[in-house]
Amino acid sequence: MGKNRLGRNIRRIICALCVLFMLVPVWVRYPQFFMQEVSAAQNGKVNGDLVNVRVGAGTSSDYLRGPDGKKIQLNTNHEVTILGGANASDGSLWYQISFYYGGATYTGYIHSEFINIINNVTYVEDADFESYLNAQGFPDSYKNALRNLHTQYPKWTFLADHLNYDWNVVLDNQSLVGRNLVEKNNISSWKSAEPGAYDYSSGTWYGFDGANWVAASRELVAYCLDPRNFLDSSSVFQFQKLAYDANIHTLTGVESVISNTFMAGTSISDDNGGTMTYAQAIFFSAQITGVSPYHLASRIIQEVGANGSSPSISGSVAGYEGLYNYYNQGAYAHDGRSAVTNGLIYAREKGWTSRFKAVAQGAEYIGKNYINIGQNTLYYEKFDFVGTPYTHQYMTNILAPSSEAANVAKGYTEEMRKNMALIFVIPVFNNMPADACQRPTGDGSPNNVLNALTVDGYNLTPTFSKFTYEYDIIVGKDVASINVAASTLDSSAKLEGAGNIGLVEGTNTIMIKVTAANGDVRNYTLRVYRGDTSTLPNINPPGTTPSVPNTPSGVTNYQIITNYSLDNTNGYITGIQPETSAADFLKGIKTSEGEAYVLNPDGTINAGIVATGNQILFVDKEGKEARRYTVIIYGDTDGDGKITSLDLLYIKRHILQVNTLSGAYLQAADADRKYDGVTSMDLLYLKRHILAVTTIQQ
């Protein structure tokens, strides 16, 4: 009996274990049968923003982290090499990848949903397609990518849009601080280190449109602006025409775009006593407004997130209950209010008191103000060339076109792509670089400015400032060397060029090189003139230059003929355009006798750019001073002859009484020319000038 009981108990235990074994998911019991077969060393691209990388397959695995301990997150179009595949405990497929990030190569895992595999195709010479590419005028640097797309999808049409804009001019305008933004937690080379974007003293970035968004770097802008970086089967959708097309767009396609989001299979009121799914509401809105439903769906995902957790559509924000803004229209931080609050104020003005109204009427706004006036691709919604260029952007997020393109691409199955005659409008600029601009990858502190620069026994001209990069000193003929001392603001930066420097007679150029931790280099130039100082012009020493015209005894009929404006009461000269060289300025000056000189504020001759605070010295035929005027360039408050975001910062600090302006610089801050002191209107004038909306009149 004991043996039989023992046998029965053993059998029961075995059966129980079998049952438990059967309850374990099959991919856990037999992982060797469910490991995904992935060809070795396939190439791919990330199709989402801030995608986490894990040390193993599944969300239970820890984040992959960089040397600073921060988790590594990749963005749309980051190139990876797929090494293999593995299933997580829930059966989902994760790719094992290697990738370059922040100056090093890493290996980790990403969910397969966030990777687009780049299919290697063999292009067979197609004479008709080659003729077409030539007829369209596509540069050679575009052609290989277009050939690959044509091989995969021969029904697609690629239209070259030749924009009559110089590449460098466009890049300069798109790189203005605040025009394009990126999320703050990206690598440092993606974030601008220009004055007004980065606080060199604290080593932090200024927030734009909320603390989490900062100015994008010029290098990242160049990468995102260059169409050649996005000619693959997913990213190319940022060039697709965004008008509704009944032959292309389907309800099923919309459902595909919003799958795995808060909108999938979810119904809302149709404001007529019934309900409809989000997909139906979006598709209906597209038919009414003439906007692609795939674009509307991807825009919603971009603006409020795939999980729909944005307060903009919660309907429960205190004071704004029952209001919805699915496209975040009017949602940017200003007047002391958050972006969400301002977006809901906009929704209240529009009467968006239901989800359906917000979806449908917000779509109408996109169609009326963007798609139907020529900004009819994701690319052109971001980088606009309609009316006054650069100023009519739907979004400031520099990565929006590529990340939204990835969402739009999900609306097209591979079969749809092969059988649909999709049209893509691809920009071509004048004077583009020979090769596509590379995506910046460096990380670490961008701080490469000097904290101090001195020369033993001598004063620099002008006085040292960390954002002034050229200095002059004059030494006697008997001085064989000088001792240059310098220090960096950031201890991680590398300094070269200081120390005891030997001098030759004449002009010596000394370069002080500062290399930031991320590899960015900034050069400071020190020009040292060694020679007989008795031959230098006799001009007033620094600090004694008069602010009103000086007419010495004996100079009575001295005449100045110029197109500039001379204020003989206050001693100012105005009407000079920013960034005018001293040589060009002097070409517009005629006198009855003698010469004219442009002097720096310290009295040395200025051979560079004419700037606020400069002195224009007129001498008679005997070399004696006849007249002197102080330069005012409205908007140039820092005295570099240019109007930049740094001038904007100077005016802000003056208004806030942090650092007050005086003299010529205070006069230059009166950008609206109303002579009513420095006000917020001057701040607005300067901002609109920097953004190329209007120009400050000189």
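With sequence neighbours left out, the ring-ring contact (aromatic ring centres under 6.0 Å, His included) criterion links Tyr394 to Tyr370.
Between Arg337 atom CZ and Ile345 atom CD1 the span is 4.0 Å, to the nearest 0.5 Å. Ile115 contributes atom CD1, which lies 8.0 Å from atom OH of Tyr95 (distance to the nearest 0.5 angstrom). For the atom pair OG1 of Thr454 and CZ of Phe464, the computed distance is 9.5 Å after rounding to the nearest 0.5 Å. The OH atom of Tyr106 sits 12.5 Å away from the CD1 atom of Ile97 when rounded to the nearest 0.5 Å. Here the straight-line distance linking atom CG of Leu495 with atom CD1 of Ile512 works out to 6.5 Å at 0.5 Å rounding.
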What verdict does the side-chain contact (heavy atoms from CB on, under 4.5 Å) test give for Ile300 and Tyr327, after you've listed the backbone C-alpha separation in whole Å, the side-chain angles of each residue and the deciding distance to 0.1 Å? CA-CA 6 Å; Ile300 291 173; Tyr327 306 98; 3.5 Å; yes

Steps toward side-chain hydrogen bond (donor to acceptor under 3.5 Å, both in side chains) verdict (Ser403, Gln302): CA-CA 8 Å; Ser403 58; Gln302 178 75 28; 2.9 Å; yes

Determine, step by step, whether Thr515 and Asp520 satisfy the side-chain contact (heavy atoms from CB on, under 4.5 Å) criterion, reporting the C-alpha distance in whole Å, the side-chain angles of both residues, the deciding distance to 0.1 Å, and the verdict. CA-CA 6 Å; Thr515 305; Asp520 288 348; over 6 Å; no

Would Tyr650 and Val678 satisfy side-chain contact (heavy atoms from CB on, under 4.5 Å), going step by step from the backbone distance to the final call? CA-CA 11 Å; Tyr650 272 58; Val678 182; over 6 Å; no

side-chain hydrogen bond (donor to acceptor under 3.5 Å, both in side chains) between Asn47 and Ser234, intermediate numbers included: CA-CA 8 Å; Asn47 68 7; Ser234 176; 5.9 Å; no

Start with the C-alpha gap between Val53 and Phe99, add the side-chain angles, then the distance that decides, and say whether side-chain contact (heavy atoms from CB on, under 4.5 Å) holds. CA-CA 11 Å; Val53 185; Phe99 58 94; 4.0 Å; yes

Could you go through Thr612 and Asp636, starting from their C-alpha distance and side-chain angles, then the distance that decides it, and tell me whether this counts as side-chain hydrogen bond (donor to acceptor under 3.5 Å, both in side chains)? CA-CA 6 Å; Thr612 295; Asp636 172 32; 3.2 Å; yes

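A distance-only check finds no donor-acceptor pair linking the side chain of Gln174 to the backbone of Asp172 [under 3.5 Å]. Formation of a donor-acceptor pair under 3.5 Å by the Thr604 side chain with backbone atoms of Asn600 is not found in this model. No donor-acceptor pair closer than 3.5 Å links the side chain of His78 to the backbone N or O of Val46. Although no hydrogens or angles enter the test, the distance criterion places a donor-acceptor pair under 3.5 Å between the side chain of Arg179 and the main chain of Asn173. Although no hydrogens or angles enter the test, the distance criterion places no donor-acceptor pair under 3.5 Å between the side chain of Ser310 and the main chain of Val304. Between the Asp647 side chain and the Thr637 main chain, a donor and an acceptor come within less than 3.5 Å of each other. Checked by atom type and distance alone, the side chain of Gln375 pairs as donor or acceptor with a backbone atom of Tyr380 at under 3.5 Å. Listed for the Asn328 side chain is a donor-acceptor partner under 3.5 Å among the backbone atoms of Glu303. Remark: the backbone N or O of Tyr326 is not paired with any side-chain donor or acceptor of Ser312 at under 3.5 angstrom. The backbone N or O of Pro440 sits less than 3.5 Å from a side-chain atom of Trp190, completing a donor-acceptor pair.
Residues Asn397 and Trp213 meet the side-chain proximity criterion, which asks for heavy atoms closer than 4.5 Å. Counting heavy atoms from C-beta outward, Leu453 and Val484 have side chains that approach closer than 4.5 Å. The side-chain heavy atoms of Ile398 and Phe383, taken from C-beta on, include a pair separated by under 4.5 Å. Between Thr525 and Tyr471, the closest side-chain pair of non-hydrogen atoms is not below 4.5 Å. Contact check for Asp640 versus Leu646: no side-chain heavy atoms found under the 4.5 Å cut-off. Put simply, the side chain of Gln329 reaches to within 4.5 Å of the side chain of Trp352, judged on heavy atoms. Counting heavy atoms from C-beta outward, Tyr165 and Pro389 have side chains that approach closer than 4.5 Å. Residues Ser217 and Tyr198 form no side-chain contact, since every pair of their non-hydrogen atoms from C-beta on lies 4.5 Å or further apart.
Taking each heavy atom of Ser188 and Gly444 in turn, the nearest pair found is OG-O, 2.6 Å. Scanning all heavy atoms of the two residues, the minimum distance from Ala193 to Pro446 falls at CB-CB, 4.0 Å. The shortest heavy-atom contact between Gly308 and Ile313 is O-CD1, 3.7 Å. Across all their heavy atoms, Ala405 and Ser235 have their closest contact at CB-O, 3.7 Å. Minimum heavy-atom separation, Ala669 to Leu661: CB-CD1, 3.7 Å.
No side-chain N or O of Asn447 forms a donor-acceptor pair with one of Ser445 less than 3.5 Å apart. When only modelled atom types and interatomic distance are considered, Tyr320 and Arg348 share no side-chain donor-acceptor pair under 3.5 Å. Defined by atom type and a distance below 3.5 Å, a donor-acceptor pair is missing between the side-chain atoms of Ser402 and Asn77.
By the 30° and 60° cut-offs, the orientation of the rings of Tyr379 relative to Phe239 is tilted.
Glu496 CD: more than 12 foreign heavy atoms inside a 6.0 Å radius. Within a 6.0 Å radius of OH in Tyr365, other residues, nucleotides and ligands contribute more than 12 heavy atoms.
For the side chain to side chain contact (heavy atoms under 4.5 Å, CB included) with Phe208, the qualifying choice from Thr396, Val177, Asn180 is Val177, the only one to do so. Residue Glu381 forms a side chain to side chain donor-acceptor pair (under 3.5 Å) with just one option from Gln238, Gln393, His392, His295, and that option is His295.
Residues Tyr634 and Tyr685 place their aromatic rings such that the two centres sit no closer than 6.0 Å.
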Name each donor-acceptor pair under 3.5 Å that joins a side chain in residues 63-75 to protein atoms two or more places apart or in another chain, with its distance.
from: Arg65; atom 1: NH1; to: Gly69; atom 2: O; distance (Å): 3.1
from: Asp68; atom 1: OD1; to: Lys70; atom 2: N; distance (Å): 3.0
from: Gln73; atom 1: OE1; to: Asn185; atom 2: ND2; distance (Å): 3.4
from: Gln73; atom 1: NE2; to: Asn52; atom 2: OD1; distance (Å): 3.0
from: Asn75; atom 1: OD1; to: Leu50; atom 2: N; distance (Å): 2.9
from: Asn75; atom 1: ND2; to: Asn186; atom 2: OD1; distance (Å): 2.6

Sequence neighbours excluded and cut-off under 3.5 Å, please list the side-chain donor-acceptor pairs for residues 219-229, or say none.
from: Asp226; atom 1: OD1; to: Arg228; atom 2: N; distance (Å): 3.1
from: Asp226; atom 1: OD1; to: Arg228; atom 2: NE; distance (Å): 2.9
from: Asp226; atom 1: OD2; to: Arg228; atom 2: NE; distance (Å): 3.4
from: Asp226; atom 1: OD2; to: Arg228; atom 2: NH2; distance (Å): 2.8
from: Asp226; atom 1: OD2; to: Cys437; atom 2: N; distance (Å): 3.0
from: Arg228; atom 1: NH1; to: Ser141; atom 2: OG; distance (Å): 2.9
from: Arg228; atom 1: NH1; to: Pro433; atom 2: O; distance (Å): 2.9
from: Arg228; atom 1: NH1; to: Ala434; atom 2: O; distance (Å): 3.4
from: Arg228; atom 1: NH2; to: Pro433; atom 2: O; distance (Å): 3.2
from: Arg228; atom 1: NH2; to: Asp435; atom 2: O; distance (Å): 3.2
from: Asn229; atom 1: ND2; to: Tyr223; atom 2: O; distance (Å): 2.9
from: Asn229; atom 1: ND2; to: Cys437; atom 2: O; distance (Å): 2.9

